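Remarks on the structure that follows.
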2 protein chains.
Amino acid sequence: MIITPVKKYRDTGLKLTPQRLAILDYLEGNTGHPSAEDIYRVILKKFPTISLATVYNTLDTLRLKGRVREVSIDPEKKRFDPNTKPHNHIICVKCKKVADIKETFDLGLVGNQVSDFEILGHHVEFHGICSACKSMANA
Amino acid sequence: MIITPVKKYRDTGLKLTPQRLAILDYLEGNTGHPSAEDIYRVILKKFPTISLATVYNTLDTLRLKGRVREVSIDPEKKRFDPNTKPHNHIICVKCKKVADIKETFDLGLVGNQVSDFEILGHHVEFHGICSACKSMANA
DNA sequence: ATTAATGCAAACACTTTGCAATGGA
DNA sequence: TCCATTGCAAAGTGTTTGCATTAAT
């Protein structure tokens, strides 16, 4: 069951340590946009000696290899997304849960209001209230 | 020349301290999206004893009064924007300079892909390279 | 055998908080 | 006078780094 990460990891030229495979395995298809601490807490169950520094190091290595994207939608901490294809996000303003918005938007800028910048891309962050927080408010 | 901030500040019910007026004055019409530290360094010239904590406290007070918006486009630190009207931003991926995008986008989401969320609003962050960084790269 | 990755601790950057002293209202 | 605000220091988060040990290649 950790075969898939191994396959996907082989071609990176990075060493396949058990810790990395566990992180890869946890990230695989994960749409929860976990923070480094979130990941750390999960991996800790299988690897009680793993350090938070290793999680950070691994995430940064994966980012440099283009395997993970840093999502800066949460002002409190960095969140990580294994989906590196262009897509957008929504964050719950109460509990900070982040979800994907599959829809993409072709946003052009009219005129020369940003003549100062060469535009490389864009990211839309929706904010809202998730159903869990909504029902708490109604209680 | 600090008359304008005084006028705009009167109706908040907050005490008008010289430190606050200086911060207000600096923020007034400022499109540079400064961090707390940025603001602190500027105010320090006029008020050599002001503390960074006061800057943070004042910014939070202003935020609660709706006079300032926290912009979370820079993952490293919070940036503050006195323009609380809906608008979007562009950030230079190299120097982290942030500029306003006056253009607004009426983005609707089709289908029920976010049935889990009640959408409250959205913010578009463009990323690009500013002219200063571009010319450095060409050098 | 090499060399990168781990895990610990310490350092770092940003932000918040407790509290006595100060100063606007 | 009264109470909010200041400024300092300390503490609280999140993240990075140095370095000896370990382990993947």
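Note that the structure is predicted; figures quoted are calculated from it, not measured. Proteins get letters first, then strands, A, B, ... in listed order; numbering begins at 1 in each.
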Report task. Please examine the side chains of N88(A) and E103(A), heavy atoms only from C-beta on, and report whether any two atoms are closer than 4.5 Å. Result -> no
Requested in this report: With H33(A) as reference, evaluate D100(A), N83(A), D38(A) under the side chain to side chain donor-acceptor pair (under 3.5 Å) test and give the passing residue.
Outcome: D100(A)
Query raised in the report: Going 5' to 3' on DNA chain C, which nucleotide is the first and which the last to come under 4.0 Å of a heavy atom in chain B?
Result: dC14(C) to dA25(C)
Query raised in the report: How large an angle, rounded to 10°, do the end axes of the helix from dA1(C)-dT25(D) to dA25(C)-dT1(D) enclose when each is built from five base pairs?
Result: 30°
**Report entry** Within one Ile-Leu-Val-Met-Phe-Trp-Tyr cluster: L27(A) and I50(A), side-chain cutoff 4.5 Å
**Finding:** yes
Report task. Applying side-chain contact (heavy atoms from CB on, under 4.5 Å), name anything that partners A36(B), two or more places apart in sequence or on another chain. Result -> V55(B), Y56(B), L59(B), F80(B)
Can you list, pair by pair, the side-chain donor-acceptor contacts under 3.5 Å of residues 121-130 of chain A, counting residues two or more places apart and other chains?
residue	atom	partner	partner atom	Å
H122(A)	NE2	F105(A)	O	3.2
H123(A)	NE2	H89(A)	ND1	2.8

Query raised in the report: Going by number, which of residues 69-83 of chain A have a non-hydrogen atom under 4.0 Å from DNA chain D?
Result: E76(A), K77(A), K78(A)
Report task. Report the residues that fulfil side-chain hydrogen bond (donor to acceptor under 3.5 Å, both in side chains) with S72(B), sequence neighbours left out, ordered by chain and then residue number. Result -> none
Query raised in the report: Okay, side chain of D81(B), backbone of T31(B): is any donor-acceptor separation there less than 3.5 Å?
Result: no
Query - Residues which pass side-chain contact (heavy atoms from CB on, under 4.5 Å) with E37(A), listed by chain and number, not counting sequence neighbours - result: S35(A), Y40(A), R41(A), L52(A)
Report summary line: Separation of dG7(D) atom P from F47(B) atom CZ, nearest Å, is 9 Å
Query raised in the report: Among residues 31-42 of chain B, which contact DNA chain D at a heavy-atom distance under 4.0 Å?
Result: none
**Report entry** Residues that R20(B) engages under side-chain hydrogen bond (donor to acceptor under 3.5 Å, both in side chains), provided they are two or more places apart
**Finding:** none
Query raised in the report: Quick one, which residues of residues 49-67 of chain A touch DNA chain C with a heavy atom under 4.0 Å?
Result: T49(A), I50(A), S51(A), A53(A), T54(A), T58(A)
Report task. Would you classify P18(A) as touching base, sugar-phosphate or nothing, given that sugar-phosphate means primed atoms plus P, OP1 and OP2, and contacts are heavy atoms under 4.0 Å? Result -> sugar-phosphate
Requested in this report: State whether K78(B) and E76(A) are salt-bridged, where the test is any N-O pair (Lys NZ or Arg NE/NH1/NH2 against Asp/Glu carboxylate O) under 4.0 Å.
Outcome: yes
Query - Ion pair D74(A)/R79(A), N-O distance below 4.0 Å - result: yes
Requested in this report: Give every residue pair that meets the salt bridge (Lys or Arg N to Asp or Glu O under 4.0 Å) criterion with at least one member in residues 54-63 of chain B, sequence neighbours excluded.
Outcome: D60(B)-R63(B), R63(B)-E70(B)
**Report entry** Euclidean distance, D25(B) CG relative to E28(B) CD, rounded to 0.5 Å
**Finding:** 7.5 Å
Report summary line: With sequence neighbours left out, the residues meeting side-chain contact (heavy atoms from CB on, under 4.5 Å) with S51(A) are A53(A), T54(A)
Query raised in the report: So, for P34(B) and Y26(B), which heavy atoms are closest and what is the spacing to 0.1 Å?
Result: CG-CE2, 4.1 Å
